[in-house]
Amino acid sequence: MRLVTWNVNSIKQRLPRVLAMIRRHEPDVICLQETKVEDQLFPTMELVAAGYECAMFGQRAYNGVALLSRVGLKDVRYGFDGDPIPGQARVVSAQTGDLRVVCIYVVNGQAVGTPAYGTKLAWLDAFRVWMAATFDPADPLVICGDVNIAPDDRDVWDPVLWRGSILASEPERAAVRALEAWGLTDLGRAAAGDVPGPFTFWDYTAGAFHKGWGLRIDLALGTAPVADRLESVMVDRDERKPTYGEGKPSDHAPLIVTLL
DNA sequence: ATGTCACTTTACAAGTGA
């Protein structure tokens with residue numbers, strides 16, 4: 001079983017690269033974030049032609065998530081009970097194969113101390129409460145998505161520069177730990193050990209990718225039955241290269257998780 | 001820190017969010 005999670009920053013702009021990624025990695029399940037499109041304009045035909053059933057939860061211009069599977073989707077749920085900002089499309093989940101997959105796009109938060117930052121922390125808490133009330137950590141479940149948090153200093157390119165700032169602040173990191181405490185393992189960190197990264201995001205500005213200024217903010221968090229099946233986790237960094245593939249890159253690269 | 005991108009609009013440049 002192979003899963004990919006990828007913040008595509010507009011599925012309309014990124015469709016050729018998504019189709020090429022599918023040919024390269026042949027994932028069973030794909031979690032997309034920042035699709036930025038209403039459901040009726042989602043490229044369902046092209047992805048069905050590629051072999052995937054599609055559950056999309058989108059909106060115009062902002063946010064938007066989608067869950068694609070070539071092993072079937074059952075019990076699809078759109079959003080979550082208790083969402084403090086229910087007008088924003090950020091979570092879609094379903095049963096696929098033997099897994100419950102929860103595709104999430106966490107609030108960015110803009111900057112520490114802003115209203116958006118408060119919304120981010122409130123959203124993360126409400127999401128955790130819903131998860132705990134709805135699912136059982138003894139079951140095979142994985143949360144995949146753009147979490148917009150680098151869990152610790154190994155997940156930022158310059159820990160001193162990033163200390164305390166948005167995406168790396170202690171309250172954000174505590175929110176990830178609270179999710180893990182419910183019964184989830186950070187599969188990317190489990191695979192990498194103490195090696196920094198692997199980064200999944202490089203800012204578009206300042207030549208960040210070329211300079212290695214990356215962050216690991218796209219995560220796959222699995223319950224114990226999933227963590228026990230972990231074979232490998234890798235990042236397809238080629239997808240972040242401007243010269244690779246068709247059209248411009250997203251600012252995120254796909255995270256590929258393979259389970260036994 | 002700042003070599004960007006995508007989207008939207010009493011649109012054809014500028015604001016917003018990332």
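Note that the structure is a prediction, hence the values are computed from the model and not measured. We name chains A, B, ... by the order of the sequence lines, and we start the count at 1 in each one.
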Student: Testing A:Asp153, A:Asp152, A:Asp146, A:Asp186 one by one against A:Arg216 for a salt bridge (Lys or Arg N to Asp or Glu O under 4.0 Å), which residue passes?
Tutor: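 Single pass found, and it is A:Asp186.
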
Student: Using the rule given for side-chain contact (heavy atoms from CB on, under 4.5 Å), can you reason through A:Glu239 versus A:Arg24, listing the C-alpha separation, both sets of side-chain angles and the distance that settles it, and then say yes or no?
Tutor: CA-CA 11 Å; A:Glu239 271 302 345; A:Arg24 273 200 311 285; 2.9 Å; yes

Student: Expressed as a whole number of angstroms, how long is the span from A:Phe201:CZ to B:dA18:P?
Tutor: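 Roughly 11 Å, once rounded to whole Å.
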
Student: Would you kindly give the NZ-to-P distance between A:Lys211 and B:dT2, to the nearest whole Å?
Tutor: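 Taking NZ of A:Lys211 and P of B:dT2, I get 9 Å after rounding.
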
Student: Would you indicate, yes or no, if B:dC7 has its OP1 or OP2 atom less than 4.0 angstrom from a side-chain nitrogen or oxygen of A:Gln13?
Tutor: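 So the side-chain polar atoms of A:Gln13 do come within 4.0 Å of the phosphate oxygens OP1 or OP2 of B:dC7, strictly under.
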
Student: Is the phosphate of B:dA6, meaning OP1 or OP2, less than 4.0 Å from a side-chain N or O of A:Arg14?
Tutor: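 So the side-chain polar atoms of A:Arg14 do come within 4.0 Å of the phosphate oxygens OP1 or OP2 of B:dA6, strictly under.
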
Student: Taking the same atom, P, in B:dA6 and in B:dT2, what whole-Å distance lies between them?
Tutor: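 About 23 Å, rounded to a whole number of Å.
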
Student: Phosphate oxygens OP1/OP2 of B:dT9: is one of them under 4.0 Å from a side-chain N or O of A:Arg60?
Tutor: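 For A:Arg60, the contact criterion (side-chain N or O under 4.0 Å from OP1 or OP2 of B:dT9) is met.
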
Student: Roughly how far apart, to the nearest Å, are B:dT10 and B:dC5 at atom C1'?
Tutor: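 Nearest-Å result for B:dT10 against B:dC5 at atom C1': 26 Å.
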
Student: Expressed in angstrom and rounded to an integer, what is the separation of A:Gln59 atom CD from B:dA18 atom P?
Tutor: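 In whole Å, B:dA18 P and A:Gln59 CD are 11 Å from each other.
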
Student: Rounding to a whole Å, what distance do you find between A:Leu41:CG and B:dT8:C1'?
Tutor: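 In whole Å, B:dT8 C1' lies 15 Å from A:Leu41 CG.
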
Student: Nearest nucleotide by nearest heavy atom, which residue falls closer to the 5' end of DNA chain B, A:Gln88 or A:His210?
Tutor: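 It is A:His210 whose nearest nucleotide is closer to the 5' end.
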
Student: Counting only side-chain heavy atoms from C-beta out, which of B:dC7, B:dA1, B:dC5 sits nearest to A:Lys12?
Tutor: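 Nearest nucleotide to the side chain: B:dC7.
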
Student: What is the distance, rounded to the nearest whole Å, between atom CG of A:Asp251 and atom P of B:dA18?
Tutor: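 So the two atoms are 12 Å apart, to the nearest Å.
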
Student: Do the ring planes of A:Phe135 and A:Trp130 sit parallel (below 30°), tilted (30 to 60°) or perpendicular (above 60°)?
Tutor: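 Judged by the thresholds at 30° and 60°, the geometry between A:Phe135 and A:Trp130 is perpendicular.
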
Student: For B:dC12 versus B:dC7, give the span between their C1' atoms, rounded off to a whole number of Å.
Tutor: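 Those two atoms are separated by 15 Å.
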
Student: Which nucleotide wins on minimum distance to the side chain of A:Thr205, given the candidates B:dG17, B:dA6, B:dT2?
Tutor: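 Nucleotide nearest to A:Thr205's side chain: B:dT2.
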
Student: Here's a test of your reading of the structure: between A:Asn63 and A:Thr35, which maps to the more 5' nucleotide of DNA chain B?
Tutor: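 First, find each residue's nearest nucleotide; the 5'-ward one identifies A:Thr35.
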
Student: B:dA1, B:dA6, B:dG17: which one has an atom nearest the side-chain heavy atoms of A:Tyr62?
Tutor: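 Looking only at heavy atoms from C-beta outward on A:Tyr62, the closest nucleotide is B:dG17.
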
Student: Out of B:dA18, B:dC5, B:dC7, which nucleotide sits closest to the side chain of A:Ala61?
Tutor: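 Of B:dA18, B:dC5, B:dC7, B:dC7 is nearest to the side chain of A:Ala61.
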
Student: Does A:Phe80 have its ring centroid less than 6.0 Å away from the ring centroid of A:Trp123?
Tutor: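 For A:Phe80 and A:Trp123, the ring centres are under 6.0 Å apart.
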
Student: In this structure, how many angstroms lie between the P atom of B:dA18 and the CG atom of A:Asn108, rounded?
Tutor: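 For the pair A:Asn108 CG and B:dA18 P, the rounded distance is 5 Å.
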
Student: Using whole Å, what does the distance between atom P of nucleotide B:dA18 and atom CD of A:Gln33 come to?
Tutor: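 One finds 14 Å between P of B:dA18 and CD of A:Gln33, rounded.
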
Student: Tell me whether the OP1 or OP2 atom of B:dC7 has a side-chain N or O from A:Ser10 closer than 4.0 Å.
Tutor: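 Answer yes for this pair, as a side-chain N or O of A:Ser10 is under 4.0 Å from OP1 or OP2.
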
Student: Aromatic rings A:Trp157 and A:Trp213: how do their planes relate, parallel, tilted or perpendicular, breaks at 30° and 60°?
Tutor: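 Because their plane-to-plane angle is under 30°, the rings of A:Trp157 and A:Trp213 count as parallel.
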
Student: What does A:Phe209 touch in the nucleic acid at a heavy-atom separation under 4.0 angstrom: a base, only the sugar-phosphate, or nothing?
Tutor: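 Contact class for A:Phe209: none.
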
Student: Give me the distance, rounded to whole Å, that separates B:dA11 from B:dG15 when you measure between the P atoms they each carry.
Tutor: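 So the two P atoms sit 15 Å from each other.
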
Student: When the distance from NZ of A:Lys36 to P of B:dT8 is rounded to whole Å, what number comes out?
Tutor: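 Those two atoms, NZ and P, are 9 Å apart.
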
Student: Quick check against the 3.5 Å criterion: does A:Arg70 have a side-chain atom that pairs as donor or acceptor with the backbone of A:Glu26?
Tutor: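 Between the backbone of A:Glu26 and the side chain of A:Arg70 there is a qualifying donor-acceptor contact (under 3.5 Å).
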
